[in-house]
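Notes follow once the structure below has been shown.
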Amino acid sequence: MKKYIITFVFSLALLCTTSCNDWLDLKSYTKIINDGQGVKTLDEAGYRLNAIYSMLRAYECYGARMTYYGDACSEDMQAVGNTKRVANYYTFRFTADNSPSSFWTNFYEIINNVNLLLDGVDNLTGLSAADELTRLDYKGQALTIRALAYFDLTRLYGYPYQKDNGASWGVPVLDKPVDSDYKPRRKTVAECYTFIIDDLKAAWPIMKISKNNGKLNQWAALALLSRVYLYKGDDDNALQTAKEAIAGAESNGYQLWTNAEYKNAWATEFGSEVLWEIPMTSTENASNEAIGYLVAPKGYDDIVLSDDWTDKLMGNETNDIRYQCVINNTSDNSKSGRRYMWKYPVNSGESALYLANVKVLRLSEVYLIA
């Protein structure tokens with residue numbers, strides 16, 4: 001009997017080694033390899049797109065650093081101490097020699113994965129009518145993510161467009177997969193903006209109009225396009241695009257939060273005002289490096305509201321709705337006087353501080369642009 005059991009186990013192992021090889025040797029959809037074997041099916045395109053969204057969730061990207069970068073470098077917020085993660089941003093201690101490479105590396109990794117996806121998804125044929133709509137939606141989402149990545153890179157590493165009408169150097173623009181040792185030249189800021197706008201203009205009409213939690217749709221792409229026009233100084237197109245985004249979003253169920261909803265809405269996932277937010281779930285998150293943990297007084301306690309924001313900008317405007325998102329420290333004497341921001345509270349039903357969704361595009365911003 002023992003002999004038969006051993007023979008059966010050996011035969012099963014051999015069978016798995018031969019016939020099961022297809023599902024054992026799964027390729028990575030986040031690895032940048034242009035091996036001529038990109039996405040061949042619509043399902044593979046969906047897997048790679050999900051992997052790209054996961055890269056946006058990373059703490060080097062919108063999971064934390066890209067989210068707090070603007071706040072830490074502005075007058076609105078300040079680092080709690082010199083050793084905190086945001087301290088170098090707040091004190092402008094970065095130089096050409098010690099500036100972080102994470103933005104550059106992360107965004108170009110995203111861009112190359114988008115290019116690999118686009119390289120394959122454009123060649124999918126023989127699809128049903130429903131699958132063709134999905135293919136176009138995947139393509140639109142990918143183009144929008146690439147535009148977002150280039151917009152962020154251009155703002156991080158180039159001068160503002162309006163300084164010299166985009167004549168200064170921006171960043172290299174890649175529209176196809178490349179090997180890791182490829183060395184492209186930089187484009188001007190104007191060339192970068194042209195590429196970004198072209199991507200978004202090609203993306204939004206082919207995307208779905210309905211909400212798909214955690215994913216981009218037409219109204220999110222239009223909101224981003226209106227933001228790009230605003231930064232470029234093209235106010236006419238910024239206004240026109242914002243109007244189109246507002247009308248389309250509101251006709252599909254989006255609406256501004258009311259005053260009564262405002263504070264609690266931040267702890268509600270995928271609320272009525274949010275055009276796109278990045279979910280932090282128990283299985284997919286940036287752990288303690290996530291923005292929710294960094295801003296929490298019981299977390300890393302990295303960043304707080306500045307006195308300039310609360311005293312000079314807000315002043316006595318106590319009826320301003322933004323005051324609902326200010327938390328004054330009252331329980332810890334070691335943190336006396338600190339005021340925290342209630343923009344990244346723990347998701348409803350969760351307890352871990354890092355499980356706080358990041359709201360990237362909101363309808364209220366589009367109203368502000370308009």
Side-chain angles (χ1 to χ4, degrees), residues 22 25-57 61 106-154 170-185 187 191-212 214-225 228 241 248 276 361:
D22 288 344
D25 293 338
L26 292 178
K27 61 184 176 182
S28 168
Y29 286 93
T30 58
K31 191 174 184 180
I32 305 177
I33 295 179
N34 186 18
D35 57 3
Q37 299 182 22
V39 295
K40 301 295 185 183
T41 68
L42 196 60
D43 283 343
E44 288 184 358
Y47 300 150
R48 185 174 287 278
L49 186 60
N50 286 337
I52 293 168
Y53 275 108
S54 184
M55 295 165 73
L56 289 166
R57 184 186 294 110
C61 198
N106 196 73
F107 280 124
Y108 274 109
E109 188 176 4
I110 288 170
I111 288 166
N112 217 10
N113 272 279
V114 167
N115 289 340
L116 284 168
L117 170 60
L118 293 173
D119 194 47
V121 80
D122 278 338
N123 296 318
L124 298 180
T125 58
L127 301 176
S128 67
D131 283 348
E132 175 62 13
L133 291 176
T134 299
R135 184 190 74 84
L136 290 173
D137 183 53
Y138 286 170
K139 180 177 180 178
Q141 290 183 61
L143 288 169
T144 303
I145 292 171
R146 186 170 72 178
L148 175 66
Y150 275 124
F151 183 50
D152 288 336
L153 282 168
T154 303
V171 297
V173 172
L174 309 176
D175 61 356
K176 59 184 178 182
V178 297
D179 295 326
S180 59
D181 60 351
Y182 180 66
K183 297 178 176 62
R185 75 173 184 88
K187 299 286 188 180
E191 289 174 314
C192 292
Y193 268 79
T194 297
F195 187 86
I196 293 162
I197 291 169
D198 286 347
D199 262 2
L200 291 170
K201 289 171 71 174
W204 77 262
I206 63 175
M207 297 170 72
K208 293 182 179 179
I209 62 176
S210 57
K211 176 181 282 192
N212 184 6
K215 302 294 178 65
L216 293 151
N217 62 11
Q218 271 196 21
W219 321 121
L222 276 172
L224 178 58
L225 181 56
V228 173
T241 307
W276 177 45
L361 292 167

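For this chain, numbers begin at 1 and follow the sequence in order.
Checking Ile196, Ile197, Asp199 one by one against Leu225, the side-chain contact (heavy atoms from CB on, under 4.5 Å) holds for a single residue, Ile197.
Using a 4.5 Å heavy-atom cutoff, the side chains of Ile52 and Val114 are in contact. Contact annotation: the side chain of Leu42 approaches that of Tyr138 to within less than 4.5 Å [non-hydrogen atoms, C-beta and beyond]. Side chains of Thr144 and Leu224 form a contact here, defined as non-hydrogen atoms less than 4.5 Å apart. With a 4.5 Å cut-off on side-chain heavy atoms, Thr194 and Asp198 count as touching. Contact of the Asp175 side chain with the Phe195 side chain is registered, since non-hydrogen atoms from C-beta on lie closer than 4.5 Å. Within the 4.5 Å cutoff, side-chain heavy atoms of Cys61 are placed close to those of Ile110. Between Cys192 and Val171, the closest side-chain pair of non-hydrogen atoms falls below 4.5 Å. A heavy-atom distance below 4.5 Å is not found between the side chains of Asn106 and Leu56.
Between Asp122 and Lys139 there is a salt bridge, since a side-chain N of the basic residue sits under 4.0 Å from a carboxylate O of the acidic one.
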Side chain to side chain contact (heavy atoms under 4.5 Å, CB included), that's the test. Do Leu136 and Lys208 meet it? Break it down for me. CA-CA 9 Å; Leu136 290 173; Lys208 293 182 179 179; over 6 Å; no
Applying side chain to side chain contact (heavy atoms under 4.5 Å, CB included), run through Lys40 and Leu124 and close with a yes or a no. CA-CA 7 Å; Lys40 301 295 185 183; Leu124 298 180; 5.5 Å; no
Start with the C-alpha gap between Trp276 and Trp219, add the side-chain angles, then the distance that decides, and say whether side chain to side chain contact (heavy atoms under 4.5 Å, CB included) holds. CA-CA 9 Å; Trp276 177 45; Trp219 321 121; over 6 Å; no
Begin with the C-alpha distance, continue with both residues' side-chain angles, and end with the deciding distance and a verdict on side chain to side chain contact (heavy atoms under 4.5 Å, CB included) for Leu174 and Tyr150. CA-CA 10 Å; Leu174 309 176; Tyr150 275 124; 3.5 Å; yes
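Minimum heavy-atom separation, Leu361 to Ala220: CD1-O, 3.5 Å. The shortest non-hydrogen separation linking Gly214 to Tyr53 is O-CE2, 3.6 Å. The two residues Leu118 and Ala142 come nearest to each other via the heavy atoms CD2-CB, 3.9 Å. For the residue pair Met207 and Ala221, the shortest heavy atom distance occurs at SD-CB, 3.8 Å. Residues Leu143 and Ala203 come closest through the heavy atom pair CB-CB, 3.7 Å.
Within the model, atoms CG of Asp43 and CZ of Arg48 stand 14.0 Å from one another, a figure rounded to the nearest 0.5 Å. Rounding to the nearest 0.5 Å gives a distance of 11.5 Å between NZ of Lys201 and CG of Leu222. With rounding to the nearest 0.5 angstrom, the CZ atom of Arg146 is 10.5 Å from the CG atom of Asn112. To the nearest 0.5 Å, the span separating CD1 on Ile145 from CZ on Phe107 amounts to 11.5 Å.
When atom types are taken as modelled, the side chain of Arg135 and the backbone of Val121 share a donor-acceptor pair closer than 3.5 angstrom. The backbone N or O of Thr134 sits nowhere less than 3.5 Å from a side-chain atom of Asp131 that would complete a donor-acceptor pair. Checking side-chain atoms of Tyr108 against main-chain N and O of Pro172 turns up a donor-acceptor pair under 3.5 Å. Judged by distance alone, with hydrogens and angles left aside, the side-chain atoms of Glu132 form no donor-acceptor pair with the main-chain N or O of Leu127 at under 3.5 Å.
Counted by atom type alone, Asp137 and Gln141 present one or more donor-acceptor pairs between their side chains at under 3.5 Å. Side-chain contact check for Asn50 and Lys215: at least one donor-acceptor pair (N or O, by modelled atom type) lies under 3.5 Å.
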